[in-house]
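Following: one structure in structure tokens, then a few remarks.
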Number of protein chains: 2
Amino acid sequence: MHQTESVIDSLRKEGFRITPQRVAIVNHILNTESHPSAEELHAAVRKKHPMVSLATVYKTLELLKKKGMVRELDFPTGARYDSNLEKHVNLVCVKCGRIDDMDESTLGDLESRVAKKARYSILGGRFELYGYCSQCQGKK
Amino acid sequence: MHQTESVIDSLRKEGFRITPQRVAIVNHILNTESHPSAEELHAAVRKKHPMVSLATVYKTLELLKKKGMVRELDFPTGARYDSNLEKHVNLVCVKCGRIDDMDESTLGDLESRVAKKARYSILGGRFELYGYCSQCQGKK
DNA sequence: ATCTATGCAAACATTTTGCAGGCTG
DNA sequence: CAGCCTGCAAAATGTTTGCATAGAT
């Protein structure tokens, strides 16, 4: 709830203007478990702040991405946005569409092993597994 | 070079028609190390077969995806296609854009650990790491 | 001869951009 | 009050679809 404050503060410190739109968007993306698309985020933000355009949502997401405050996940159905900045594994249910997270420890030392083997210096990663979640198993 | 034959054969056996376009597209995607976009694939195929439309490339890719012969990777810049069907890790160089593969063994038992923990039945996955490849390090 | 696959163009969906006016700092 | 930010609409991508015809079986 108040991590919104700290994100807003750091934007302010960098000289970006703090508008009601930005506050609303930041607040929503930080406080949702789901991984909303731009449209979904727009719709959600509009419930409280009808005066937010989709273009502004995109522009704000772009800003937050550059600042490393949200990450973009590209799916065949379009981009989704995620504020969980720690490395994690996304579990995507192909039946109901829910996306679950698992924390970083799940990955073990994968990153360092790969970096060494391939001689890459790693900046970030994306890990997804597709399947049926516990509730959707059996009802294919 | 002749895995093209076996893919074509299995399409033939399933009753799909074998057109020069399909052969050309299958041949290209199986015999490239790169992970081409639909446009790139179209351009490449056209060099030998000028009579191939982009729509046909998309339709053929759709067919091959359904048959499990290629996989689609969705990047912010658009979809890319990959014929390496074994599970593997994609290494994306953020500087020069090259995409390298690492084989499945890199993943260890990640999948089974996750499946157990989250009670998902896993169908497939996607693993990517972003960073600087060995040639691009230092020249940021 | 049959019926699928192709090619074209139009339709679509998503994301980006240009610009005039409004609001933050 | 200077200039960044917004909202609108138009534009730019990337992908899909409908339909008439060519072509594989």
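In what follows, every chain begins at residue 1, and chains take the letters A, B, ... in the order their sequences are listed.
- Under the 4.5 Å side-chain heavy-atom criterion for grouping Ile, Leu, Val, Met, Phe, Trp and Tyr, B:I122 is not connected to A:Y132 through any hydrophobic cluster.
- With C:dA5, D:dT6, C:dT15 as the choices, the nucleotide that has an atom nearest any side-chain atom of B:F16 turns out to be C:dA5.
- Grouping the Ile, Leu, Val, Met, Phe, Trp and Tyr side chains by contacts below 4.5 angstrom, directly or via other members, places B:Y130 apart from A:V70.
- Among the nucleotides D:dT25, D:dT6, C:dA9, the one closest to the side chain of A:Q21 is D:dT6.
- In this structure, the CZ atom of A:R12 is 6 Å from the P atom of C:dG25, given to the nearest Å.
- One interatomic measurement links the two molecules: CD of A:E14 to P of D:dC5, which rounds to 12 Å at whole-angstrom precision.
- Of the residues near DNA chain C, B:G15 and B:R46, the one whose nearest nucleotide (by heavy atom distance) lies more toward the 5' end is B:G15.
- Spacing between atom OH of A:Y58 and atom P of D:dT6 amounts to 16 Å, rounded to whole angstrom units.
- Among the heavy atoms of the strands lying under 4.0 Å from B:P20 are primed sugar atoms or P, OP1, OP2 only; no base atom is included.
- The distance between atom CG of B:D9 and atom P of D:dT25, rounded to the nearest whole Å, is 12 Å.
- Nucleotide D:dT15 holds its P atom 8 Å from the CD atom of B:E39, rounded to whole Å.
- With 3.5 Å as the limit, one finds no donor-acceptor pair spanning the side chains of A:D100 and A:N90.
- We find that NE2 of A:H49 is positioned 16 Å from C1' of D:dC5, with the value rounded to whole Å.
- Nearest nucleotide to the A:K59 side chain, out of C:dC19, C:dT15, C:dT6: C:dC19.
- Taking 4.0 angstrom as the limit, B:T19 places a side-chain polar atom (N or O) nearer than this to OP1 or OP2 of C:dT6.
- Look at B:R17 and you won't find any side-chain N or O under 4.0 angstrom from OP1 or OP2 of D:dG23.
- Residues passing the side chain to side chain contact (heavy atoms under 4.5 Å, CB included) test with B:E72 are A:P76, B:K65, B:D74, B:A79, B:Y81, sequence neighbours excluded.
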